[in-house]
Amino acid sequence: MATRVRPGSKRCAVIGGSGFLGRHLVEKLQDRGYSVSVFDLHQSYQLQGVTFHTGDLCDRQALLSALQGVSLVFHCASPAPASDDRALFERVNIRGTQTVIAACIEAGVQKLILTSSASVVFEGTDIKNGREDLPYARKPIDYYTATKIQQEKLVLEACDEQNGFLTAAIRPHGIFGPRDPQLVPILVDTARRGKMKFIIGDGKNLVDFTFVENVVHGHILAAECLRPDSPTCGKPYHITNDEPVRFWDFMSDVLVGLGYSAPRYHLPYTLVYGLALLLWLLTLVLRPVMSFKPTFTPMRVALAGTHHYYSCERAKEDLGYKPVVSLKDGIQRTVLSYPHLRHGA
Ligand SMILES: NC(=O)c1ccc[n+]([C@@H]2O[C@H](COP(=O)([O-])OP(=O)(O)OC[C@H]3O[C@@H](n4cnc5c(N)ncnc54)[C@H](O)[C@@H]3O)[C@@H](O)[C@H]2O)c1
Ligand SMILES: CC(C)CCC[C@@H](C)[C@H]1CC[C@H]2C3=C(CC[C@]12C)[C@@]1(C)CC[C@H](O)[C@@H](C(=O)O)[C@@H]1CC3
């Protein structure tokens, strides 16, 4: 067991700090006077004052050397949801998270903040203003979600006030913003292939999309409020923009902002979901001979055609959370950050 790090020390590590959310978190932590190191599979940028450790979070020794002297750890690493690789999700999100917890305890880390996901309670059917006491999904919609559930349970159960190891989880939903490798690029790719003409369902379903800086703000508040005897110990927190929006209005605003047409024609939800399910089964059957990745997976169709928005009352009460960037400004800043994805670019 390493010597415990001085309480109140501002030395922190971001596991997954080379990724979309991780890098925004690193930048904000540095602005706020933290001394930051990054642990990731690769180094994707350079930032003065930030130390990079490259390695796999499943490798305890590599983690241990990166966590020496660190008092606060943010764990926001995960394989991409689109990889749909069960073995990889189980290795990284479940066994890897056990390794992260063990290494934190061994290195004398005092606080661990996990980036979980609001999807841990989503089963493909409507969620309206869902609170954190909703049960975990019994039938998770994909392997990503199934392993995010296990990961969150592991981190929250590891909270041990008596031994001074405190944990909490942030559950963001639909993160977007500059440098997002997922939402806007997939949307634009789909539009460029002429497939963004259709609205799945009646187009009235409300959803949370959360600007990345609000997610970062929630993480830092949770870390700073996490103290022995605080209500934050061992708890999950929804962090959203607190402005549910129609899924298809959000998509249209981003598309139109980038010079593409908004989807207009309606398709019945059950028909599209059924087709996506058939296609997914076909990819499973054909996997040994050929591999292809359909755009319209059952998960994406469910996310596009149902209500899924969450209450962040608990974060407001316990952490004093309030979004720092509105949805309108977030969309504008996001659109401006993707000149190369503009129509005709
Ligand atoms: N993007 C969203 O909409 C969203 C929403 C809710 C929750 N989340 C969660 O937020 C976190 C960050 O997501 P993101 O969108 O920034 O993803 P991202 O893919 O941009 O970043 C993930 C990072 O984790 C790293 N990583 C993956 N496997 C690793 C391993 N074995 N060892 C070390 N590093 C590893 C990757 O290299 C990458 O840099 C994830 O935990 C994700 O589940 C994302
Ligand atoms: C082809 C179109 C119908 C849709 C194109 C946009 C989609 C690629 C995104 C819309 C909602 C997004 C989303 C995620 C991935 C990208 C979308 C499907 C997540 C599943 C990513 C993982 C997170 O943990 C989930 C969360 O709980 O926030 C995301 C939910 C929204």
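Predicted model, so just to flag it, every value in this text is computed and none were measured. Counting convention: from 1, in listed order, for ligands and their atoms alike.
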Open item on the list: Taking 4.0 angstrom as the limit and counting only heavy atoms of M251, give me the atoms of ligand 2 inside it, by number and element.
Closed with: 10 (C)
Open item on the list: Would you say CZ of R86 has more than 12 non-hydrogen atoms from neighbouring residues, nucleotides or ligands within 6.0 angstrom?
Closed with: no
TODO: For atom 20 (O) of ligand 1, decide whether some protein heavy-atom distance is shorter than 4.0 Å.
DONE: yes
Task: Exceeds 12 heavy-atom contacts within 6.0 angstrom, atom NZ of K316 - done: yes
Task: Protein residue, atom and distance nearest to atom 26 (C) of ligand 2, heavy-atom basis - done: H173 ND1, 3.2 Å
Open item on the list: Are R333 and L336 packed together at the side-chain level, in the sense that at least one heavy-atom pair is separated by less than 4.5 angstrom?
Closed with: no
TODO: List the closest protein heavy-atom neighbour of atom 19 (C) of ligand 2: residue, atom name, distance to the nearest 0.1 Å.
DONE: L303 CD1, 4.5 Å
TODO: Return the residue, atom name and 0.1 Å-rounded distance of the protein heavy atom closest to atom 43 (O) of ligand 1.
DONE: Y144 OH, 2.6 Å
Task: Donor-acceptor contact present, side-chain H308 to main-chain L303, <3.5 Å - done: yes
TODO: Name the closest protein heavy atom to atom 29 (C) of ligand 2, giving the residue it belongs to and the distance to 0.1 Å.
DONE: G174 N, 4.3 Å
Task: Shortest protein contact, atom 16 (O) of ligand 1 (heavy atom only) - done: L21 N, 2.9 Å
Open item on the list: Any nitrogen or oxygen of V92 lying under 3.5 Å from a nitrogen or oxygen in ligand 1? Just yes or no.
Closed with: no
Task: Closest protein heavy atom (residue, atom, distance) for atom 44 (C) of ligand 1 - done: I175 CD1, 3.7 Å
Task: H307 backbone acceptor or donor facing N205 side chain under 3.5 Å - done: no
TODO: Just say parallel, tilted or perpendicular for the rings of F198 and Y265, cut-offs at 30° and 60°.
DONE: tilted
- [ ] Of the side chain and backbone of P81, name the one, both, or neither that has a heavy atom under 4.0 Å from an atom of ligand 2.
- [x] side chain
TODO: Report the part of P81 in contact with ligand 1, treating N, CA, C, O as backbone and CB onward as side chain, heavy atoms under 4.0 Å; options are side chain, backbone, both, neither.
DONE: neither
TODO: Using distance alone, decide if ligand 1 has a nitrogen or oxygen within less than 3.5 Å of any nitrogen or oxygen in C58.
DONE: no
- [ ] Flag P172 as yes when one of its N or O atoms lies below 3.5 Å from any N or O atom of ligand 1, and as no otherwise.
- [x] no
Open item on the list: How far is atom 17 (O) of ligand 1 from the closest protein heavy atom, and which atom is that?
Closed with: F20 N, 4.7 Å
Task: Nearest protein heavy atom with distance in Å, relative to atom 23 (C) of ligand 2 - done: Y144 OH, 3.5 Å
Task: Non-hydrogen side-chain atoms of F89 and S83 separated by less than 4.5 Å - done: yes
